[in-house]
Amino acid sequence: MEKLVLIDGHSILNRAFYGVPGLTNSEGLHTNAVYGFLNILFKLLEEEKPGYLAVAFDLKAPTFRHTMYDAYKGTRKPMPEELHEQVPLMKEVLTAMGIPIFTREGYEADDILGTVAKKAQAAGMEVTVVSGDRDLLQLSDVHIKISIPKTSRGTTEVHTYYPEDVKREYQVTPEQFIDVKALMGDTSDNIPGVPSIGEKTATNLILQFGSVNGVYEHLSEVKPPRAKKSLEEHRDLAELSYKLAKICIDAPVEFSPEDARIGDLYTKEAYEYMSRLEFKSLLARFGDHVKKEAAATLDFHAVTDLAVAEALFQKAMGSERTGAVLLAEGPEISGAALCLDGQNAYLIQKEGFLTGEYLAGKMTELYRTGHVWTLGLKSQLPFLDLGYGDTVYDAAVAAYLLNPLKDTYDYDDLARDHLGLTAPSRADLLKKLTYAEAMDQEPEAFLSFAGFLGHCAYQSGGILMEKLEAEGMKDLYLEIELPLIYALYHMEEEGIAVKREELSAYGEKLKQQITVLEQEIWDMTGSQFNINSPKQLGEVLFEKMGLKGGKKTKTGYSTAADVLEKLAPDYPVVQKILDYRTYAKLNSTYAEGLGNFIGPDGRIHSRFNQTITATGRISSTEPNLQNIPIRMELGRAIRKVFVPRDGFIFLDADYSQIELRVLAHMSGDSRLIEAYRSAQDIHAITASQVFHIPLDQVTPLKRRNAKAVNFGIVYGISAFGLSEDLSISRKEALEYINQYFETYPGVKTFLDGLVADAREKGFVSTMFGRRRPVPELGSANFMQRSFGERVAMNSPIQGTAADIIKIAMIRVDRRLREEGLESRLILQVHDELLVETAVREKAQVERILSEEMSRAAALKVPLEIDMHDGKNWFEAK
DNA sequence: GCGCTCACG
DNA sequence: ACGTACGTGAGCGCG
């Protein structure tokens with residue numbers, strides 16, 4: 001049967017607007033509603049696979065309902081400006097995709113949908129009507145399905161209703177849905193109901209008498225008396241409401257299916273729109289036939305001849321700017337991409353005399369000129385001979401600074417976001433082939449890939465530095481982020497030694513415990529189930545055993561630790577489950593997980609990523625060495641397997657309360673500055689000052705509370721968060737916060753200023769000029785907006801701390817090398833540096849760490865360091 | 001591929 | 001009323 005999908009345009013756009021986080025493109029256009037709409041649309045197309053599609057919109061003009069009922073005017077809540085401006089945008093995108101838009105003066109979208117749906121059904125079509133508005137349920141019919149997408153927590157669930165579903169949920173038929181609404185009214189549509197009749201009474205009356213008319217025919221039988229009286233008095237109102245609530249199914253709308261037949265949605269025009277709106281995930285849906293066009297104007301050349309390559313390198317060395325990328329994966333070089341002008345790009349293939357060593361040597365020479373723009377320098381460094389003295393511009397890192405909220409900074413991202421160019425992605429061109437495979441099997445595609453890569457690197461050089469300078473981030477880029485690439489590369493290369501046998505022995509011990517606990521839990525619950533499955537665990541605990549827990553997640557019961565901890569005192573099995581979780585986590589993630597990463601050199605070489613976090617921190621992957629257990633004894637013991645090589649020890653230095661010190665500095669609050677200048681124990685002095693007690697009389701509880709408030713301040717304070725953390729009432733939490741702000745008024749002014757500033761400018765900045773955009777502040781969604789406020793308060797603090805330790809890392813790493821030491825920086829954990837230190841260099845390294853970390857930034861409070869040494873990471877903390 | 005849970009700062 | 005502390009990454013279960 002022919003399938004038709006009809007969409008309630010305003011309603012879905014509205015849903016998307018409130019459900020999707022605030023988004024703006026580089027032009028500052030709000031795009032979240034359009035984005036959400038399109039996601040719902042594509043999901044529908046995939047699931048329903050319709051042959052026909054149309055979207056209905058309301059018009060501004062008054063409708064027949066206004067004529068009927070004066071108060072209907074102006075009933076709609078005014079649309080927020082951020083949403084309003086997206087309506088024309090949405091229509092243009094739909095038009096670009098060739099999707100018909102239905103409107104009719106004097107009628108609402110509902111009426112058009114109703115009329116078209118019924119006509120299409122009569123013509124033998126299978127119809128789906130999509131809306132966020134439950135009023136549409138009255139249209140549900142044998143061949144008309146009402147589909148209501150519900151966006152919560154970022155994902156979209158769709159509820160669908162045929163007449164039997166309406167009945168199941170509301171007891172009444174789709175037609176009677178109108179009758180119920182007529183009686184109860186609807187405040188959001190400003191449809192007046194009969195006074196003192198609510199949903200319950202209305203439903204009961206309609207179930208009993210069939211319709212509004214039926215109710216009035218049997219008015220004498222109506223109970224309770226109050227309802228009867230009200231119905232008597234307001235008959236005109238009930239009848240009017242019925243007319244207002246009833247969707248018109250014979251509006252003057254012509255519908256012939258051909259108007260709505262789905263053609264090629266993936267048009268060039270639509271693609272351009274998605275590009276402009278920066279909907280990357282949607283762009284991926286478009287076939288590559290659209291993207292090939294960009295290539296038409298560029299000339300890509302494959303170079304396989306030594307003399308030609310020589311000449312090209314020669315020319316590159318002398319040119320003003322070169323785009324260059326060494327194409328290397330794993331241990332293998334496949335070639336080099338070069339670009340010296342905006343027209344031509346070259347792939348120098350590894351072939352014949354053009355060996356890997358040759359290319360690496362030439363590229364080193366080229367990079368040393370200091371005019372090279374590349375992409376992803378860190379991954380090329382294993383093949384190049386470069387160091388702190390060499391400035392190589394990495395366009396990906398520049399693009400990260402310009403917008404740290406993106407997931408990727410590949411050449412196609414740069415092309416779209418900065419170069420006004422549409423380039424096919426690596427996945428488009430090479431599918432899942434490696435470089436070596438692609439060069440062999442798909443030489444054309446590989447040439448194209450290398451061409452775009454080189455071209456984008458070159459073109460980035462023409463624009464990104466200006467952008468960085470315009471945004472005040474040139475120094476940050478040149479002095480911190482670029483040198484940092486070397487520090488990170490050095491840490492990755494160096495790795496950290498791990499005692500394989502001790503790690504697996506630790507794992508064996510855990511596994512024994514896991515087996516014992518598993519059996520005990522099975523015995524105590526009376527069922528053999530997978531304890532690792534939150535679903536099964538929830539069912540066993542909360543259904544089979546009847547523990548009181550209540551639903552918390554959208555998929556079922558929450559079995560998170562904080563929920564289980566509340567139950568543990570009363571149910572011994574719950575404590576066993578918590579223990580099981582601890583052992584299972586330590587075993588799978590750490591004992592076994594880390595074991596898989598020990599290389600042939602007996603060391604783990606984690607990757608340190610520079611372009612991931614929104615705040616400027618680095619991240620660590622494969623494996624993550626920034627979350628090795630420390631808070632609990634059992635987990636902390638893992639650190640004993642991380643060891644220095646023979647003749648070396650570990651020196652571990654961490655900043656003491658760096659974020660709070662940054663807060664003191666940035667806020668300029670004189671009392672806080674004075675407090676941190678003098679105090680050893682920051683949380684204790686906070687307690688002393690906030691709660692007005694002498695420092696030596698601060699109890700552990702008071703200190704704990706003050707510490708929680710300090711954390712809260714750094715996270716972007718909220719009474720809710722603090723109350724959860726301390727298990728106190730919101731009111732008490734608010735009192736703590738107010739007391740804190742009374743004590744340190746400068747902090748309050750500072751944080752308020754950050755939010756106001758972010759609202760005005762759209763971003764916040766660190767001391768060193770690093771920016772974080774805060775688009776959520778423009779959201780109409782309360783939750784999103786509140787999140788934006790917390791982000792505005794937290795990011796400058798967390799980000800400044802990140803800037804500071806980056807500076808320290810660079811200087812420590814540089815000095816260790818330049819002073820000819822054998823000691824090496826091997827890890828960074830946000831406020832901590834770990835140096836594998838030659839025993840005889842210990843004093844010198846201590847001095848370097850202490851000096852470079854303390855003076856990385858000149859704050860109004862001292863930057864204090866705690867330092868320890870040890871024969872393993874456990875001892876050195 | 002996503003949700004849940006949990007490890008870290 | 002809304003439903004939350006900020007920033008990450010990994011393993012597991014499940015559809």
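Proteins get letters first, then strands, A, B, ... in listed order; numbering begins at 1 in each. Since the structure is predicted, the reported quantities are computational estimates derived from the model, not experimental observations.
- When the C1' atom of C:dT4 is taken as reference, atom CD of A:E724 falls 9 Å away, rounded to whole Å.
- Residue A:Y590 contributes atom OH, which lies 13 Å from atom P of C:dG9 at whole-angstrom precision.
- Considering A:R607, A:R603, A:K378 as possible partners of A:E492, the one that fulfils the salt bridge (Lys or Arg N to Asp or Glu O under 4.0 Å) test is A:K378.
- One interatomic measurement links the two molecules: CG of A:L827 to C1' of C:dG9, which rounds to 15 Å at whole-angstrom precision.
- Nucleotides of DNA chain C nearest to A:V791 and A:F720 differ in position, and the one nearer the 5' end is that of A:F720.
- Atom pair A:E659:CD and C:dG7:P shows a separation of 12 Å (rounding to whole Å applied).
- For B:dC8 and C:dG3, the C1' atoms lie 26 Å apart once the distance is rounded to whole Å.
- Residue A:R631 places none of its side-chain N or O atoms closer than 4.0 Å to OP1 or OP2 of B:dA7.
- Contact annotation for A:A708: base contact, defined as any heavy-atom pair under 4.0 Å involving a base atom.
- Looking at heavy-atom distances under 4.0 Å, A:R772 makes contact with sugar-phosphate atoms alone, never a base.
- Counting only residues at least two apart or in different chains, salt bridge (charged side-chain N to carboxylate O under 4.0 Å, His left out) contacts with residues 707-733 of chain A comprise A:K731-A:E735.
- Going from the P atom of C:dC2 to that of B:dA7 covers 31 Å, rounded to whole Å.
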_Base-contact (B) and sugar-phosphate-only (S) positions in nucleotides 10-15 of chain C, heavy-atom cut-off under 4.0 Å, - elsewhere_ = SSSSS-
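- For the P atom pair drawn from C:dT4 and B:dG3, the interatomic distance equals 14 Å after rounding to whole Å.
- Using a 4.0 Å heavy-atom criterion, one finds that A:A801 contacts no nucleic acid atom at all.
- Protein atom CG of A:L660 is 13 Å distant from nucleotide atom C1' of C:dC6, rounded to whole Å.
- The list of salt bridge (charged side-chain N to carboxylate O under 4.0 Å, His left out) pairs with a residue in residues 575-584 of chain A, not counting sequence neighbours, reads A:E520-A:K576.
- Remark: DNA chain C forms stems of 3 or more consecutive Watson-Crick or G-U wobble pairs, all pair distances under 3.5 Å, at B:1-9 with C:6-14.
- For residues 624-636 of chain A, no residue pair satisfies the salt bridge (charged side-chain N to carboxylate O under 4.0 Å, His left out) rule, not counting sequence neighbours.
- Within 4.0 Å (heavy atoms only), A:I630 reaches sugar-phosphate atoms of the nucleic acid but no base atom.
- Side-chain atoms of A:R790 lie closest to C:dA5 of the nucleotides C:dA5, B:dG9, C:dG7.
- When the side-chain hydrogen bond (donor to acceptor under 3.5 Å, both in side chains) test is applied to A:D681, the partners found at least two apart in sequence or on another chain are A:R703.
- Checking each of A:W873, A:Y506, A:F650, A:F874 against A:F642 for a ring pair (Phe, Tyr, Trp, His ring centres under 6.0 Å) leaves exactly one that passes, namely A:W873.
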